Amino acid sequence: MRVFEKGYIDENYVRIPKDELFSFVVKVLMKLGVPKEDSEIVADNLIMADLRGIESHGVQRLERYVDGILSGGINLRPKVRIVREGSSYALLDGDEGFGQVVGYRAMRLAIEKAKESGVGVVVVRNSNHYGIAGYYALMAAEVGMIGISMTNSRPLVAPTGGIERFLGTNPIALAAPTKDKPFLLDMATSVVPIGKLEVYRRKGKPIPEGWAIDSEGNITTDVEKVFNGGALLPLGGFGELFGGHKGYGLSVMVDILAGILSGGTWSRHVKNTSEKHSEVDHFFMAINIEAFVPLEEFKEKMSRMIKELKSSKRRVDRIWIHGEKGFLTMETRLKAGIPVYRKVLEELNQIAESVGVEKLRAGESCERA
Ligand code: NDP
């Protein structure tokens, strides 16, 4: 059987069954005082990232969330409050809760409003890092709606021509149902998210040219130079030649919709999860397709468009659709287990020891990619 997995894995990774990893994360969070239901939402978001091949936003993030809890940066029992609301919109205050918990509730509210009013827009201020943007967009696609999700994040990206970290990697996700798996565009508005650099740093490898600049604004492949005063580049890369200014614009767009519209702030003032008042803001939108066209017609046209796209003239084996690699990776990993980098496994087991939960057992080593 031919299997597909997104990303690079080699013998330094071990496989751990999805359910084991999920219940490990839940147990750690519950030990630290997070309510069960909320722990499951956070775990679901992290495990979905790993299942979809987004290692940068999977269980390797747990350490940072644990720091956030221990330092008081994350409020474990937030009173998420509706500040203003109408039939098709709401503004929420996340009370510094887990971004995943606040985000889940906000998207559910957007979906409820879209059922009644055709469209539901929910903006959130005063939250925390919410993981992968696609998680929330998919919630809407699963109930036959178009879902859009965005968040601002701490400053890591220089604007076109700038050398200072000003913008966040501010991701945008849009999911739409088809007759098969949903279309899912889920992307950072920088060339890569910082998590990808962390993966390279952990492995001691140089980063590809064009991802980031050093503190003087020169393109660098030295990951340490990026962490020591450098910056990531906006989507489109260095300068204007390949559209760097457009990625820069998309990032500002996220700050406008998630940050300024919610009465929150913009990336430059967003802080780490471990800091108090990290001031992360989100934007969610659900569009009830049935309010515009019959859902079946929409799905049918989506599937036809995708089929036409995939069968258009190409120079490679296959034209991919957004979300497709993630769904295939998910299928593979649900059967084979999730690859976890050995160093990450060690970190997870150190957390286990410090909070007093059973350690994860290393599964079989993965084969060289
Ligand atoms: P990728 O570059 O890996 O993928 C971006 C999109 O392109 C995905 O929808 C992906 O689908 C799709 N894709 C990949 N290859 C192709 C192809 N050949 N043809 C068509 N579509 C393709 O994502 P990023 O590295 O930019 O972002 C990774 C994650 O990081 C996202 O989930 C994002 O939400 C998250 N993030 C979160 C932040 C936060 O602060 N919370 C900040 C920044 C990023 P598929 O998934 O199927 O590969």
Side-chain angles (χ1 to χ4, degrees), residues 4-8 42 45-58 60-61 64-65 68 98-100 102-103 124 127-138 141 147-157 167-176 180-200 207-208 210-212 232-237 247 250-251 254-255 258-259 267 270-273 278-284 306 309-310 312 314-333:
F4 176 85
E5 272 193 284
K6 189 178 170 182
Y8 176 89
V42 178
N45 179 286
L46 295 181
I47 300 295
M48 182 190 277
D50 275 322
L51 282 174
R52 297 190 58 85
I54 312 170
E55 183 181 352
S56 55
H57 286 72
Q60 71 152 358
R61 288 256 160 184
R64 273 207 247 160
Y65 291 152
F98 256 110
Q100 284 87 345
V102 178
V124 181
S127 181
N128 266 301
H129 188 269
Y130 81 174
I132 55 169
Y135 184 84
Y136 314 92
L138 273 178
I148 298 174
S149 148
M150 303 176 203
T151 185
N152 58 16
S153 58
R154 70 196 162 101
L156 291 164
V157 183
L167 311 161
T169 51
N170 297 3
I172 300 175
L174 181 142
D180 190 18
K181 297 274 191 289
F183 168 92
L184 173 61
L185 169 66
D186 180 13
M187 55 168 225
T189 50
S190 47
V191 178
V192 285
I194 192 72
K196 273 205 185 146
L197 270 75
E198 282 157 5
V199 173
Y200 275 73
I207 53 166
W211 282 11
L232 294 173
L233 287 167
L235 191 61
L250 286 173
S251 182
V254 174
D255 271 328
S267 300
V270 170
K271 293 177 217 75
N272 259 319
T273 310
S278 48
E279 297 198 56
V280 179
D281 311 302
H282 319 303
F283 173 92
F284 302 97
I306 288 171
L309 266 170
K310 289 179 94 48
S312 60
R314 58 183 182 269
R315 60 170 180 78
V316 288
D317 284 354
R318 173 174 193 157
I319 291 177
W320 292 92
I321 297 297
H322 301 81
E324 194 183 5
K325 290 183 189 172
F327 285 115
L328 286 178
T329 304
M330 200 166 190
E331 259 174 47
T332 303
R333 294 187 172 175

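FYI, the numbering just counts along the sequence from 1. Just so it is clear, the model here is predicted, and its values are computed rather than measured. Each ligand, and each atom within it, is numbered from 1 in the order the structure gives.
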Between K271 and E279, does any NZ, NE, NH1 or NH2 come within less than 4.0 Å of an OD or OE carboxylate oxygen? yes

Do we see a donor-acceptor contact under 3.5 Å between the side chains of H129 and R64? no

Residues in the immediate environment of ligand 1 (any heavy atom closer than 4.0 angstrom): K6, R52, I54, H57, H129, Y130, G131, I132, A133, T151, S153, T169, P171, L184, L185, D186, M187, A188, P193, K196, W320, H322, G323, E324, K325, G326

Restricting to ring-ring contact (aromatic ring centres under 6.0 Å, His included), what partner residues turn up for F183, sequence neighbours left out? H322

Would you kindly say whether S267 and D255 are connected by a side-chain donor-acceptor distance under 3.5 Å? yes

Verify whether one side chain among N45 and Y136 offers a donor that lies under 3.5 Å from an acceptor in the other. yes

Can you find a side-chain donor-acceptor pair between T273 and N128 that sits under 3.5 Å? no

